[in-house]
Asker: 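Sharing a structure, written as structure tokens. Questions coming.
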Amino acid sequence: MHLTPLLSASAVIQIHTLAALTLLPLTVTIFSLPRGDRRHRWLGWCWVILMTTVAVSSLAIHQVQLIGRFSPIHILSALALVGLVQAVTAARRKDIVNHRRTMVSMTWGALVVAGLFTLLPGRILFQVLTGS
């Protein structure tokens with residue numbers, strides 16, 4: 001493992017990666033807290049800010065270009081931004097069922113699935129983890 005590929009990447013990729021990696025332990029923490037208490041809400045807002053950072057920064061990353069300058073990951077980013085609005089709106093309306101459903105869906109889609117794509121050969125995180 002070595003950080004050279006990440007450290008030599010653009011600032012957008014570095015910010016994107018740092019925000020995404022920060023989301024992983026934050027997500028576990030939030031899911032382990034009692035729902036609706038002050039810590040859950042405060043960390044939830046941190047999660048929303050970080051996920052917004054990940055989604056918006058990903059729109060400026062064009063290493064994989066399958067549809068013009070874009071890739072299927074960009075679709076996930078747009079869906080994540082829509083999901084964030086839906087999740088926050090649901091929480092503010094006290095619609096906990098939809099809030100939870102949206103947050104769990106975003107965790108799987110925007111963090112897990114999109115994260116797995118970053119581990120494909122040739123991608124920066126693959127290079128960081130394998131040292132190649």
Side-chain angles (χ1 to χ4, degrees):
M1 182 169 137
H2 63 91
L3 295 175
T4 305
L6 182 58
L7 295 176
S8 61
S10 70
V12 170
I13 290 174
Q14 292 176 6
I15 290 167
H16 177 82
T17 303
L18 179 62
L21 292 175
T22 304
L23 277 168
L24 296 173
L26 181 59
T27 301
V28 172
T29 301
I30 291 170
F31 283 173
S32 67
L33 290 173
R35 306 306 186 252
D37 73 358
R38 179 180 288 190
R39 290 178 302 164
H40 179 89
R41 287 192 306 272
W42 189 83
L43 292 175
W45 278 112
C46 292
W47 196 95
V48 166
I49 291 166
L50 284 167
M51 181 57 79
T52 301
T53 301
V54 169
V56 170
S57 63
S58 76
L59 297 173
I61 299 171
H62 302 284
Q63 288 184 317
V64 177
Q65 298 181 6
L66 299 176
I67 309 162
R69 292 188 52 193
F70 299 100
S71 73
I73 295 287
H74 292 101
I75 295 169
L76 283 176
S77 297
L79 291 173
L81 291 170
V82 170
L84 286 168
V85 171
Q86 291 174 336
V88 169
T89 301
R92 294 181 77 75
R93 285 191 323 245
K94 307 273 189 251
D95 183 355
I96 303 309
V97 171
N98 281 325
H99 172 72
R100 178 176 166 77
R101 181 181 307 126
T102 304
M103 296 305 282
V104 170
S105 295
M106 280 197 303
T107 296
W108 283 105
L111 283 181
V112 177
V113 172
L116 290 173
F117 280 112
T118 67
L119 300 176
L120 292 172
R123 304 295 305 270
I124 290 173
L125 277 184
F126 177 84
Q127 294 169 6
V128 167
L129 293 175
T130 62
S132 61

Asker: Quick check: is Val82 connected to Val56 through a chain of hydrophobic side chains (ILVMFWY, heavy atoms under 4.5 Å apart)?
Answerer: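 They do not share one cluster, since no chain of ILVMFWY contacts under 4.5 Å joins Val56 to Val82.
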Asker: Do Val54 and Trp45 share a hydrophobic cluster (ILVMFWY, side-chain heavy atoms under 4.5 Å, transitive)?
Answerer: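 Shared cluster, yes.
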Asker: Please report the closest heavy-atom contact between Thr102 and Ala87, naming both atoms and the distance.
Answerer: CG2-CB, 3.8 Å
Asker: Do the side chains of Leu26 and Leu33 join up, straight or via other hydrophobic residues, at under 4.5 Å, putting them in one cluster?
Answerer: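 Yes, Leu26 connects to Leu33 through the hydrophobic network.
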Asker: Quick check: do Trp47 and Leu23 have side-chain heavy atoms less than 4.5 Å from each other?
Answerer: yes
Asker: Can you measure from CG (Leu129) to CG (Leu3) and round to the nearest 0.5 angstrom?
Answerer: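 Answer for the CG-CG pair, Leu129 versus Leu3, is 9.5 Å.
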Asker: Under 4.5 Å between side-chain heavy atoms, hopping through other hydrophobics if needed: is there a path connecting Trp108 to Leu119?
Answerer: yes
Asker: How long is the gap from CD1 on Ile30 to CH2 on Trp42, to the nearest 0.5 Å?
Answerer: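 Output value for this atom pair is 10.0 Å.
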Asker: Got Ile124 and Thr17 here, is their nearest side-chain heavy-atom distance under 4.5 Å?
Answerer: no
Asker: For Met1 and Val128, what are the C-alpha separation, side-chain angles and deciding distance, and is it a side chain to side chain contact (heavy atoms under 4.5 Å, CB included)?
Answerer: CA-CA 5 Å; Met1 182 169 137; Val128 167; 4.2 Å; yes
Asker: Closest heavy-atom contact between Arg123 and Phe117?
Answerer: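 Distance-wise, the nearest heavy atoms are NH1-O, 3.4 Å.
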Asker: Decide whether Met103 and Leu43 are clustered together by the hydrophobic rule: side chain heavy atoms of Ile, Leu, Val, Met, Phe, Trp, Tyr closer than 4.5 Å, transitively.
Answerer: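 Linked within one cluster.
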Asker: Atom SG in Cys46, atom CZ in Arg41: separation rounded to 0.5 Å?
Answerer: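 Cys46 atom SG to Arg41 atom CZ measures 13.0 Å (nearest 0.5 Å).
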Asker: If we only count heavy atoms from C-beta on, is the Met51 to Leu111 side-chain gap below 4.5 Å?
Answerer: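 Yes - at least one pair of side-chain heavy atoms lies under 4.5 Å apart.
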Asker: If we only count heavy atoms from C-beta on, is the Val112 to Leu116 side-chain gap below 4.5 Å?
Answerer: yes
Asker: Going from CG on Leu21 to CG on Leu50, what distance comes out if it is rounded to the nearest 0.5 angstrom?
Answerer: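 Rounded to the nearest 0.5 Å, the CG-CG separation comes to 11.0 Å.
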Asker: Less than 4.5 Å apart, side chain to side chain, heavy atoms only: is that true for Leu84 and Met106?
Answerer: yes
Asker: Rounded to the nearest 0.5 Å, how far does OG1 of Thr52 lie from CG of Leu81?
Answerer: 6.5 Å
Asker: How long is the gap from CG on Leu6 to CG on Leu125, to the nearest 0.5 Å?
Answerer: 6.5 Å
Asker: So His16 and Ile61, do their side chains get closer than 4.5 Å, heavy atoms only?
Answerer: yes
Asker: Considering non-hydrogen atoms only, spot the tightest contact between Leu76 and Gly109 and give its length.
Answerer: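 Heavy atoms of Leu76 and Gly109 come nearest at CD1-O, 3.9 Å.
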Asker: What are the two closest non-hydrogen atoms of Arg101 and Asn98, and how far apart are they?
Answerer: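 Heavy atoms of Arg101 and Asn98 come nearest at NH1-OD1, 2.5 Å.
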Asker: Determine the minimum heavy-atom distance between His2 and Gln127, stating which atoms define it.
Answerer: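 Distance-wise, the nearest heavy atoms are NE2-O, 3.9 Å.
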Asker: Can you name the nearest heavy-atom pair linking Gln14 to Ala9, along with the distance?
Answerer: NE2-O, 3.1 Å
